[in-house]
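Presented below is the structure to which this report refers.
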Protein chains: 2
Amino acid sequence: MGATAAPSRPMRADAQRNYDHIIEVAGSAFTEHGVLTSLDDIACRAGVGPGTLYRHFPTRDCLIAAALSGSLDQLEALAERLQASDDPGAALDEWMLALANHLRTYDNLPESIAESFRTSDSPLRNTCRPLTSATSALVERAKEAGVLRDDVDYRDLFALVSSVAWASQRRGDKDAARMLALATAGIR
Amino acid sequence: MGATAAPSRPMRADAQRNYDHIIEVAGSAFTEHGVLTSLDDIACRAGVGPGTLYRHFPTRDCLIAAALSGSLDQLEALAERLQASDDPGAALDEWMLALANHLRTYDNLPESIAESFRTSDSPLRNTCRPLTSATSALVERAKEAGVLRDDVDYRDLFALVSSVAWASQRRGDKDAARMLALATAGIR
DNA sequence: GACAATCCGGAGACAGTCTCCGTATTGTTT
DNA sequence: AAACAATACGGAGACTGTCTCCGGATTGTC
């Protein structure tokens, strides 16, 4: 869901416009310069004041979460498809690669996500929750099919995939496939 | 070598005193607050002005490298011992764990080190060079002994160990053993 | 004791984060 | 359509951290 939220009342028209536009600009900025890029600069590029940006997105993580929600929806769709796959092993492989690459969407995103998992209620963490539960489900199926070691915890696996995303990004690899193959060679 | 360097002439006495004291204070500060802690604050705690700190250590990486050099010497000593071990497989295991834990010495150190490997001549990278060559040697021996897959590149392995250090630190694990076991289960 | 060479320190320029509140816009009511 | 309340805007500016510059202090040498 790429929802915009409507708690009590809907947003005022101008607010909604700014909200959407900020997300759009933020996406470009993150793509170009990574998630650590200046927020005031994003506000400026979006033609709004810093105050407006911070009101809509009180923290950097809020903005990252919003910018990510589109591609997250796609990933969730993939997860559902894979859960219906008749080859749990291949499904898990495909999932891990897709997940690793998604965690690399922006420069320095793996750090932000990993960090968000340490703080109680980060919006980024909440946004990523479907990813962990999908991982859990696919791990369970793979274990039942006997193509994954029984002692592999899905949280450990998620951490492993995150770290692969981090390492491959830091090395400047074009995707996470190479590191992932190395890191997951022994989980079967 | 925890050398202080003496290019043409030795340092003036007061300069040497400050230099050493800054390293000492930096070590504590990094231990307490991670490598991202304020440098001006370190200067202040060391009783010198910012200018003095930046003259001795033009970049954060310089200071990190200096603060790390002590424990690095120990690691190098371990590497030499392990290269003489009669069990190359166990030696590599022990090395990877020691390396992973060393890369975790300070909070956020894995990021700094990984980053330094991307920039041409970071002092931190140069400081860590002995670690990569020791890894190379131990990997070679393990391959010859047939306890390591032939297609494992030592650079990939170093990256893998780095990422394990990163992930285990981010998770707040007390050491890197658990993640390392998972990540390296399939390299044999 | 004096004179170079070396080194110190802190003021301050700069960049990024984030807030506060006077002003402007919007939607609703009559 | 005019007026009113609710909502949202924006930018000045406080604050923190980085890093530099250079007048003045310290050290080593003759």
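Protein chains get the first letters and strands the later ones, always in sequence-line order, with residue 1 at the start of each.
- Distance, A:D40 CG to C:dC14 C1': 14 Å, rounded to whole Å.
- In this structure, B:M11 places its CE atom 16 Å from C1' of D:dG28, rounding to the nearest Å.
- Both B:P58 and B:R17 sit near DNA chain D, but only B:P58 has its closest nucleotide nearer the 5' end.
- Within the 4.0 Å cut-off from OP1 or OP2 of D:dC9, at least one side-chain nitrogen or oxygen of A:N18 is found.
- OP1 or OP2 of D:dT18 sits under 4.0 Å from a side-chain N or O of B:S38.
- Within the 3.5 Å criterion, the main-chain N or O of A:G34 finds no donor-acceptor partner in the side chain of A:T37.
- Atom CG of B:L39 is separated from atom P of D:dT20 by 12 Å (rounded to the nearest Å).
- Contact of B:R12 with D:dT26 (side chain to base): a donor-acceptor pair of N or O atoms is detected under 3.5 Å.
- In terms of heavy-atom proximity, B:L182 sits nearest to A:L157 at CD2-N, 4.4 Å.
- With the nearest nucleotide of DNA chain C identified for both B:G47 and A:Y54, B:G47 has the one nearer the 5' end.
- Using a cutoff of 4.0 Å between basic side-chain nitrogens and carboxylate oxygens, A:R60 and A:E115 are not scored as salt-bridged.
- Here the P atom of nucleotide D:dC9 and the CD1 atom of A:I22 are 7 Å apart, to the nearest Å.
- Atom NE2 of B:H21 is separated from atom P of C:dC7 by 19 Å (rounded to the nearest Å).
- As a whole-Å value, the separation of B:H33 NE2 from D:dT16 C1' is 15 Å.
- Between the B:E24 side chain and the B:A46 main chain, no donor and acceptor come within less than 3.5 Å of each other.
- Within 6.0 Å of atom CZ in A:R125, more than 12 heavy atoms from other residues, nucleotides or ligands are found, so the atom counts as buried in its surroundings.
- Rounded to whole Å, atom C1' of C:dA5 lies 7 Å from atom CZ of B:R9.
- When each of D:dT27, D:dA8, D:dG11 is scored by its nearest atom to the side-chain atoms of A:A15, the top-ranked nucleotide is D:dA8.
- Taking side-chain N and O atoms only, B:H56 has a distance below 4.0 Å to OP1 or OP2 of C:dC8.
- A sub-4.0 Å separation between OP1 or OP2 of C:dC7 and a side-chain N or O of B:R55 is absent.
- Atom pair B:F57:CZ and C:dC8:P shows a separation of 11 Å (rounding to whole Å applied).
- For B:T52, no side-chain nitrogen or oxygen approaches OP1 or OP2 of C:dC7 to under 4.0 Å.
- Heavy-atom distances to DNA chain D give each of A:V48 and B:T59 a nearest nucleotide, and the one nearer the 5′ end belongs to A:V48.
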